[in-house]
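Working notes, structure below.
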Amino acid sequence: MTSSTCKSLQNATRFLSEKSELRTVLESFLNKTMKIKMSDGRSLIGSFLCTDKDANLILGNCQEYIHPPEMEPKEEPRTLGLAMIPGHHIVSVHLDKVTEDEPRIL
Amino acid sequence: MAMEMQHNWVDVTDTFRTSCTELKLGELVHDQYFGLFEAMSAIEMMDPKMDAGMLCHQSHLVMGFDKSINAGKLKKRNVLMPELIAIIDDTYACLVTWLEGHSLAQTLFTNLYLHKVHDVDDRQVKAFSIAMLKIVDILREIVSRASVFEEEDFQPLTYGFKMAADISEVRTIGMVKEIEDDIQKIVKSTRSKQGENRDAQTTAQHSEASALYTRLKFTRLLFVTLAGLNKREDITSTVGDVKKYLNQCKELLQSMLTSVDLGVQPVPTQDTSSTVTYPTVMGFEPLVNQRLLPPTFPRYTRIRSREETLVYLDKLMSRVEHVCNVVGCSGFHGVLDFMRDFSNRESCVLSRSVLQMLYMPADKMVYAVTPIAEVLRETARNFICPPALMPKSSLANNPLTKEHVDAFIVQATRPFRALLQITGNNRARQRDKLAHVLDELSNLQDEADKVDAFLHNLLIKSEPQRQHLACFGSWVLCHVIQVMIQYLLLGFELELYSPHEYHYIYWYLYEILYGWLISVLSRADGFCVEYDAFVAEQQKGRNKKAKKKKRQRPYARDITVAQAYQNLSGGLYKALAGFQLEGRQKKPMFEFDSEQVRYEHRFGPFGSVNTPPPVPFEQCQALLKVAKTNFVVMKLLASGHKGDSKEPPEFLFTPHKAFPIIRIT
């Protein structure tokens, strides 16, 4: 392999990795638990499965809450299963960050 | 939930949004296990057609029982008579809508009083609500036990609502009766007396109280009737009472119909945009259970009007009354005919279920007393008098006979029970299930042939002049053919065939099925007559007076009916073949359609049956060719073509072995 081809290859790789850095962020979210607040006030909690350019989002094993899930008294969620939320109806997106030292289930 | 998930939420809204904008049009971020195919089945949020939960937020706040009471929208006590009349009528409207196949959550349980009957203070509302819950529970049990419904007929799910199981039947009847008596006192005290002018208020009160009285009495009688029908024991003796109650119910319904206007009418709301909610009277909330529904498309439930409801209930009472007549049917065949006839009429899932439960209230026990196997043995005996089942035969005392016949009868119970049960399903499902039962009947037929052959060998050893050939076989065959005929005829009823297919369907009926039916019935006929002659012969020497009246061809009527149908099918087939010859029957383009594929599909389920053997398409084609050609030749002859020729006609047997084409020269 000549040095020139080697260099161009390296360039190409850098170009690609720069281009997909944001994509990598999105990919790191995959299969993590997400909480979506929708424009009508409902919240959905489920695992992040898919998204596209318009921020349309698909959640798996999705639970629907009429009020914010943190609110007391706790409401019984409704199971929706697989749900697609159109991007323009998404108000906020929260990710469930799991840290090593913190047990998930209390 | 004892254990709750602890979430550590981090807001990623902005990161998410900006990352998404970087994606190209059509580019997706997804796991390797998740593709477009999976994405297809996701429901779309905020789409009014798919998102049932979205409707909860529309226009008005949906309140349950407690909230409605606190908000003063629901009366816990002092419900006025016109209000109660409206509540009762609308609850029945919900009941009827439920019976027509909608979910309980969207019908009866939109009535908030039914959610918490014990928290209601108003005695009248409480008694009615409890009775209603009981009625729903019994109906559910009857239909579930009969299990002749599919999801399109009936929704048994109760969504966790309590059905007042803690209150006994007797107590419920007592509660309603108490209220009934109270109201009857009002009716009597407000009645017009001679020489006394009632004021307008008393008159109104009188008619309202009368209306309420008939409704409560109807509810009580309905409850008693249904409870009577839902017994797991022999109720043939109580059927008379059931019929009496049903007639009383019908009379009360007529009176209720005249007083529908006395109930409060729903107030139309300003909001007319929504398709799921509708104006109601106090006590109802159409959207209260929206969140209990499965996360599929919200189904819109149109509740029946009050008048429609009462008319429906009246017809329902007539249907149930008719169904009670099944106890008068003689034998298994009589019952099967009754059930088939009923399924042909305008029926509903409830009346069909009641019919099933009346005949077989407990598993495998006819009228809860006779095992179905016994009934079938009796039926086979009456059908064709097989020597093995008749007294005065060397076979009757042979233990081998008993063993074989018992095994056969046990095997017969399943398909024959299925035959009864199939008549309870809706017409479209019947066709499906008939195709399945044909498989089982075909196996049974093999078994029947084996048993017949075995018994015949046994019989001729001791009584060489008698025979036991194709006795059980004919009995099963008769049912096989009837199932096949039913299968084909249902296709017409369900509009499955297109006109260019009619000719071979009618041909099959005419040439094969009715032909076989007639021959098998004639056979049974012959056997019965033969047996009578045999008995007469035996009795001749001993007692001349004890001679039974001889049966005169027991199936003469059935055979004539079958012949009529055969000729009808034959006529239609010939007419259709004629139309095709004239080019007046449009056929589909053959590039997109194969007649052979269609033919094989139409008669597909018959492939599993050995007798009568399925007729392959080629043979059908050959026969058709013969028929068509001969048809033309005969027509030509009839019109005087070559009338002067003295040459004998030629017979060509090339297309079919037995039916030649006639050629004239």
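Convention: sequence-line order gives letters A, B, ...; per-chain numbering from 1. These numbers come from a predicted model, not from an experiment.
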Option among A:I85, A:V91, A:I90 that satisfies the side-chain contact (heavy atoms from CB on, under 4.5 Å) test with A:M38
A:I85
Per-residue tally against chain B (heavy atom, under 4.5 Å) across A:L30, A:D52, A:T51 peaks at A:T51
B:D432 atom CG, over 12 foreign heavy atoms within 6.0 Å
yes
Tell me, out of A:M84, A:K37, A:M34, A:H94, who's got the most heavy-atom pairs with chain B below 4.5 Å.
A:H94
Could you check B:T91 against B:N111 for side-chain hydrogen bond (donor to acceptor under 3.5 Å, both in side chains), going step by step and ending with a plain yes or no?
CA-CA 7 Å; B:T91 307; B:N111 179 344; 3.1 Å; yes
Is A:L44 in contact with chain B via its backbone, its side chain, both, or neither, using a 4.5 Å heavy-atom distance?
side chain
Heavy-atom contact with chain B under 4.5 Å, split by part of A:I36:
neither
Which atoms of A:L49 come close to chain B, meaning under 4.5 Å heavy atom to heavy atom: side chain ones, backbone ones, both, or neither?
both
Heavy-atom pairs under 4.5 Å with chain B - which of A:D54, A:L59, A:N31 has more of them than the others?
A:N31
Which bit of A:L95 is near chain B, if near means a heavy-atom gap under 4.5 Å: side chain, backbone, both or neither?
both
Between CG of B:L108 and CG of B:L114, what distance do you get to the nearest 0.5 Å?
6.5 Å
Indicate the atoms forming the closest heavy-atom contact of B:L99 with B:V349, along with that distance.
O-CG1, 4.0 Å
Count the heavy-atom pairs under 4.5 Å between each of A:C62, A:G60, A:S39, A:A83 and chain B, then report the option with the highest count.
A:A83
Tell me whether A:E27 contacts the main-chain N or O of A:T24 through its side chain, where contact means a donor paired with an acceptor under 3.5 Å.
no
